[in-house]
Novice: 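This is the structure I want to talk about, given as structure tokens.
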Amino acid sequence: MGGRGAPGPLPMSFTDPSDSFRGDTVAVLDFETTGVSVSAGDRATELAIVLVRAGRIVDRFQSLMHTGVPIPWHIQRLTGITDEMTASAPPAAQVMRDAAAFVGDAPMVAHNAGFDRRFWGHECGLAGLPDQGRFACTLLLSRRLYLDAPSHKLGSLAEHLGLPRSGPAHRALADTEMAAHLWLRMVADLQERHGCAAPDHDRMVQLQGTPAG
DNA sequence: TGCCAGGCCCTCTTTAGGGCCTT
């Protein structure tokens, strides 16, 4: 019932012989936040980004960020990020400026990208930065690619697919690296299943079935 | 110390109801 069901096979043929791997860099990111609702005043507490190029992670960015918004207890318990930790962190606007410079014009990837896209846009706006993010979503892709997965939560998928883990769950860098490994796995699986060149970010967005952010 | 919102997508029938996923 509901979202547990698989949305069915890929919505389009994936055999375009003109495909060619362009060596594009993608920026995989993950926010830790004070909650799930930007509209309710939630803010980011930590951001991590890894750059993926030519099938591997080539660079990393990670920072706690200070917004002054208290972190609810259940979130502190979930993430391990406390008010004391963010109090000594750089201001959110500075982190976002650094993050935007780190990403450059690379298209972005996140697990449940709608969530990270909202916080990226919100924090960019508060920092006076343009929000030009184009997001692909590993959650939507996994629902199309891994129909037998018991769950499409990031950690469950990592376990199901035997992906490497680099740190504690619900910390930004560890989750980001997990999502990056998931992205690389999906690119490789699509390439293997369809016998063509590795899909770029735009093609992955097409395959996930929703428009780019 | 708040259990919140937003969007996708499935089921059962309809543009409604509800689970999943993110923190």
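Labels below follow one simple rule: chain letters A, B, ... track the order of the sequence lines, proteins then strands, and each chain is numbered from 1. Here the structure is a predicted model, which means the values were calculated and not measured.
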Novice: May I ask you to verify if any side-chain N or O of A/Ser39 is less than 4.0 angstrom from the OP1 or OP2 atom of B/dG6?
Specialist: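 For B/dG6, OP1 or OP2 has a side-chain N or O of A/Ser39 closer than 4.0 Å.
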
Novice: Select base, sugar-phosphate, or nothing to describe what A/Asp30 touches, counting heavy atoms under 4.0 Å on all strands.
Specialist: sugar-phosphate

Novice: Give the rounded distance in Å between these two atoms: CG of A/Asp83 and P of B/dT1.
Specialist: 13 Å

Novice: Taking atom types as modelled, is there a side-chain donor on A/His152 or A/Ser142 under 3.5 Å from an acceptor on the other?
Specialist: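 The answer is yes; a qualifying pair exists.
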
Novice: Looking only at the side chain of A/Asn112 (C-beta and beyond, no hydrogens), which of the listed nucleotides B/dC8, B/dG6, B/dT1 gets closest?
Specialist: B/dG6

Novice: Will you find, in the side chains of A/Arg203 and A/Gln206, an N or O donor that is under 3.5 Å from an N or O acceptor?
Specialist: yes

Novice: Distance check needed: B/dA5 P versus A/His122 NE2, whole Å only.
Specialist: 15 Å

Novice: For the side chain of A/Arg118, starting at C-beta, report the closest nucleotide among B/dG6, B/dC9, B/dT23.
Specialist: B/dG6

Novice: Base, sugar-phosphate or nothing for A/Thr45? Non-hydrogen atoms, less than 4.0 Å.
Specialist: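 Nothing, no heavy atom under 4.0 Å.
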
Novice: Verify the distance criterion only: is there a donor paired with an acceptor across the side chains of A/His111 and A/Thr138 at less than 3.5 Å?
Specialist: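 There is such a pair between these side chains.
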
Novice: When the distance from OH of A/Tyr146 to P of B/dC9 is rounded to whole Å, what number comes out?
Specialist: 17 Å

Novice: May I have the distance from A/Leu141 (atom CG) to B/dG7 (atom C1'), rounded to whole angstrom?
Specialist: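 Nearest whole value for this atom pair: 15 Å.
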
Novice: Using the P atoms only, state how far B/dG17 lies from B/dT1, rounded to an integer number of Å.
Specialist: 34 Å

Novice: At 4.0 Å (heavy atoms only), tell me whether A/Leu139 reaches a base, stays on the sugar-phosphate, or touches nothing.
Specialist: sugar-phosphate

Novice: Could you state the CG-C1' distance from A/Leu140 to B/dG6, rounded to the nearest angstrom?
Specialist: 13 Å

Novice: Please work out if A/Phe31 contacts a base, only the sugar-phosphate, or nothing of the nucleic acid, heavy-atom cut-off 4.0 Å.
Specialist: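 Answer is sugar-phosphate: A/Phe31 comes under 4.0 Å of backbone atoms only.
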
Novice: Which one, B/dC9, B/dT23, B/dT1, comes nearest to the side chain of A/Phe115?
Specialist: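 Of the options given, the side chain of A/Phe115 lies nearest B/dT23.
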
Novice: If you take any heavy atom closer than 4.0 Å to DNA chain B, which residues from residues 67-75 of chain A end up in contact?
Specialist: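 The stretch gives A/Ile71, A/Pro72, A/Trp73, A/His74, A/Ile75 as the residues lying under 4.0 Å from the strand, ordered by number.
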
Novice: Roughly how far apart, to the nearest Å, are B/dT15 and B/dC21 at atom C1'?
Specialist: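 About 24 Å, rounded to a whole number of Å.
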
Novice: Using the C1' atom in both, what is the distance from B/dC3 to B/dC20, to the nearest Å?
Specialist: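 Comparing C1' positions in B/dC3 and B/dC20 gives a spacing of 16 Å.
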
Novice: Do A/Leu154 and A/Ile81 share a hydrophobic cluster, counting only Ile, Leu, Val, Met, Phe, Trp and Tyr and linking them when any side-chain heavy atoms are less than 4.5 Å apart?
Specialist: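 Different hydrophobic clusters.
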
Novice: Do NZ/NE/NH1/NH2 and the carboxylate oxygens of A/Arg165 and A/Glu177 come within less than 4.0 Å?
Specialist: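 Answer for the salt bridge query: no.
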
Novice: Is the shortest distance from a Lys or Arg side-chain nitrogen in A/Arg171 or A/Glu32 to a carboxylate oxygen in the other one below 4.0 Å?
Specialist: no

Novice: Could you tell me how far apart A/Phe135 (CZ) and B/dC21 (P) are, to the nearest whole angstrom?
Specialist: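 Computing the A/Phe135:CZ to B/dC21:P distance gives 20 Å.
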
Novice: Does A/Ser151 put a side-chain nitrogen or oxygen below 4.0 Å from OP1 or OP2 of B/dC21?
Specialist: yes

Novice: For A/His170 and for A/Ala40, find the nucleotide of DNA chain B with the closest heavy atom, then tell me which residue's nucleotide is more 5'.
Specialist: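 That would be A/Ala40.
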
Novice: If we count only N and O atoms by modelled type, under 3.5 Å, do the side chains of A/Arg53 and A/Thr25 hold a donor and an acceptor together?
Specialist: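 Present: a donor and an acceptor within the cut-off.
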
Novice: Rounded to whole angstrom units, what separation is found between the NE2 atom of A/His152 and the P atom of B/dG7?
Specialist: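 From A/His152 NE2 to B/dG7 P: 21 Å.
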
Novice: Side chain of A/Thr79 only, please: which of B/dC21, B/dT23, B/dA5 is the nearest?
Specialist: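 Among B/dC21, B/dT23, B/dA5, the one nearest the side chain of A/Thr79 is B/dT23.
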
Novice: Check this for me: A/Glu159, atom CD, are more than 12 non-hydrogen atoms of other residues, nucleotides or ligands nearer than 6.0 Å?
Specialist: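 No, not enclosed.
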
Novice: Between A/Thr33 and A/Val38, which is nearer to the 5' end of DNA chain B once each is assigned its nearest nucleotide?
Specialist: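 Closer to the 5' end of DNA chain B: A/Val38.
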
Novice: Tell me the interatomic distance from A/Asp116, atom CG, to B/dG6, atom P, rounded to whole angstroms.
Specialist: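 Distance check: A/Asp116 CG to B/dG6 P gives 16 Å.
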
